[in-house]
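Written out below as structure tokens is the structure these notes cover.
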Amino acid sequence: MNEIATNELEEKIAEARHKIVGASNIAVLTGAGISAESGVPTFRGQEGLWQNFRPEELATPEAFWKDPKLVWEWYEWRRNAVKEAKPNPGHYALAELENETPQFTLITQNIDGLHQMAGNRNIIEMHGNLWQVRCTKCGDLEENHDVPMAELPPRCPKCGEIGRPNVVWFNEIIPMEVIDGSLKAIEECDVMLIIGTSGIVEPAASMGLVAKQAGKCVIEINLEPTPSSPLYDLILQGKSGEILPLLYTTNRTYS
Ligand code: BV8
Ligand code: ZN
């Protein structure tokens with residue numbers, strides 16, 4: 001990054017820090033990009049492909065009922081990719097920011113559980129969690145961290161029916177309480193951070209627009225511009241694991 005760009009970014013980081021340190025209520029939306037530096041494959045990145053399947057082809061109820069074993073093998077691959085992953089300085093910075101901000105809500109599209117591992121508490125998992133199995137018949141929900149899993153597809157301990165990953169697939173609606181909780185956090189925040197998301201998948205992709213329509217200050221952190229970048233107040237272009245720790249005062253380093 002050349003001198004001018006660095007100075008420009010530093011100025012923007014100082015401006016963003018000013019907004020954040022002064023805020024009493026912060027809402028954050030994260031996507032796969034915040035976990036990239038932890039080695040978790042993103043969706044649209046080159047490493048997102050699995051056996052030449054596009055995620056949208058496997059993350060659907062249709063694909064699951066057509067071949068439950070194939071879809072579970074894909075989730076087994078992702079569980080294997082995530083099981084060793086550790087939070088990176090970007091995750092830890094958000095946990096620290098929650099400790100320092102009176103009101104803080106973290107809305108994530110990620111199902112990897114790394115925000116919890118980093119210490120965030122007020123988390124809305126908009127698309128579910130990779131480490132939970134839900135029965136397709138009685139709805140029984142089990143926490144399951146076995147990699148590999150005992151059997152694919154797993155069976156429900158209550159009724160014996162096959163289980164599915166407790167995630168929201170394409171063409172499946174997101175639970176109303178999740179949408180309501182996200183919209184409430186955006187309406188009540190002073191500043192919204194949008195981190196590491198390509199802004200393509202709805203309804204998450206419209207949340208920045210909702211914040212702007214509510215007159216909020218929106219700051220985007222991403223390696224590259226996204227379709228909604230022109231709407232936002234500040235664009236910090238770079239790695240979230242390098243930029244987020246710079247966005248508030250405490251200069252604690254993270255190993
Ligand atoms: C629904 C869980 C009602 C499963 C996921 C309106 C218009 C068009 C289409 C629709 C619409 N409304 C609804 C739809 C359909 C669909 C949709 O949006 N389709 C898209 C493809 C157009 N939405 C739905 O189906 C939703 N349900 O709306 O229900 C309904 C139903 C039927 C019909 C109409 C309405 C449900 C969507 C949820 C799907 N489930 N995940 C699983 O994970 O297996 S989505 C999944 O993909 C992720 O959770 C995430 O949401 C998305 C991936 O996006 P990102 O996280 O942003 O990741 P990506 O790889 O794309 O980008 C990474 C970014 O990070 C990049 O910008 C990169 O530059 C950046 N980056 C990389 N490294 C770094 C970095 N940034 C900073 N630092 C770094 N180091
Ligand atoms: Zn069951």
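Just so you know, ligand 1 is whichever comes first in the structure, and atom 1 is the first atom listed for that ligand.
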Short question: side chain of [X], backbone of [Y] - any donor-acceptor pair under 3.5 Å?
X    : Y    : result
E76  : P148 : no
R79  : D146 : yes
N110 : D112 : no
D190 : N25  : yes
T136 : I162 : yes

So, [X] versus [Y]: side-chain donor-acceptor pair below 3.5 Å or not?
X    : Y    : value
N129 : R134 : no
E98  : N120 : yes
N166 : Q132 : yes

Pull out every atom of ligand 1 sitting under 4.0 Å from any heavy atom of [X], numbered as shown with elements.
X    : answer
G31  : 56 (O)
T197 : 55 (P), 57 (O), 64 (C), 65 (O), 67 (O)
W169 : 36 (C), 39 (C)
I173 : 3 (C), 29 (O)
E224 : 69 (O)
Y75  : 4 (C), 42 (C), 44 (O)

For this session: Quick one: sort the F64 and W169 rings into parallel, tilted or perpendicular, breaks at 30° and 60°.
Result: tilted
For [atom], which of [options] has the closest heavy atom?
atom                    : options                : result
atom 22 (C) of ligand 1 : I34, N222, I200, I221  : I200
atom 5 (C) of ligand 1  : H127, E242, E172, M126 : H127
atom 58 (O) of ligand 1 : P165, A32, S38         : A32

Using a plain distance cutoff, I'd like to know if [X] has any nitrogen or oxygen under 3.5 Å from a nitrogen or oxygen of ligand 1.
X    : answer
Q109 : yes
I111 : no
S240 : yes
N110 : no
P203 : no
A59  : no
W74  : no

Exercise. What angle sits at the Zn ion (ligand 2) between SG of C135 and SG of C138, to 10°?
Worked result: 110°
Seminar exercise, completed: The angle formed at the Zn ion (ligand 2) by SG of C159 and SG of C156 is about (to 10 degrees) 110°
Between [Y] and [X], is there a salt bridge with N-O shorter than 4.0 Å?
X    : Y    : value
K212 : D233 : yes
E15  : K19  : no
K66  : E62  : no

Test of understanding: given a 4.0 Å heavy-atom threshold, classify the contact between [X] and ligand 1 as side chain, backbone, both, or neither.
X   : result
A36 : side chain
T42 : both
E37 : side chain

Exercise. Do any heavy atoms of R78 fall under 4.0 Å from ligand 1?
Worked result: yes
Problem set entry | Any G238 heavy atom less than 4.0 Å to ligand 1 | yes
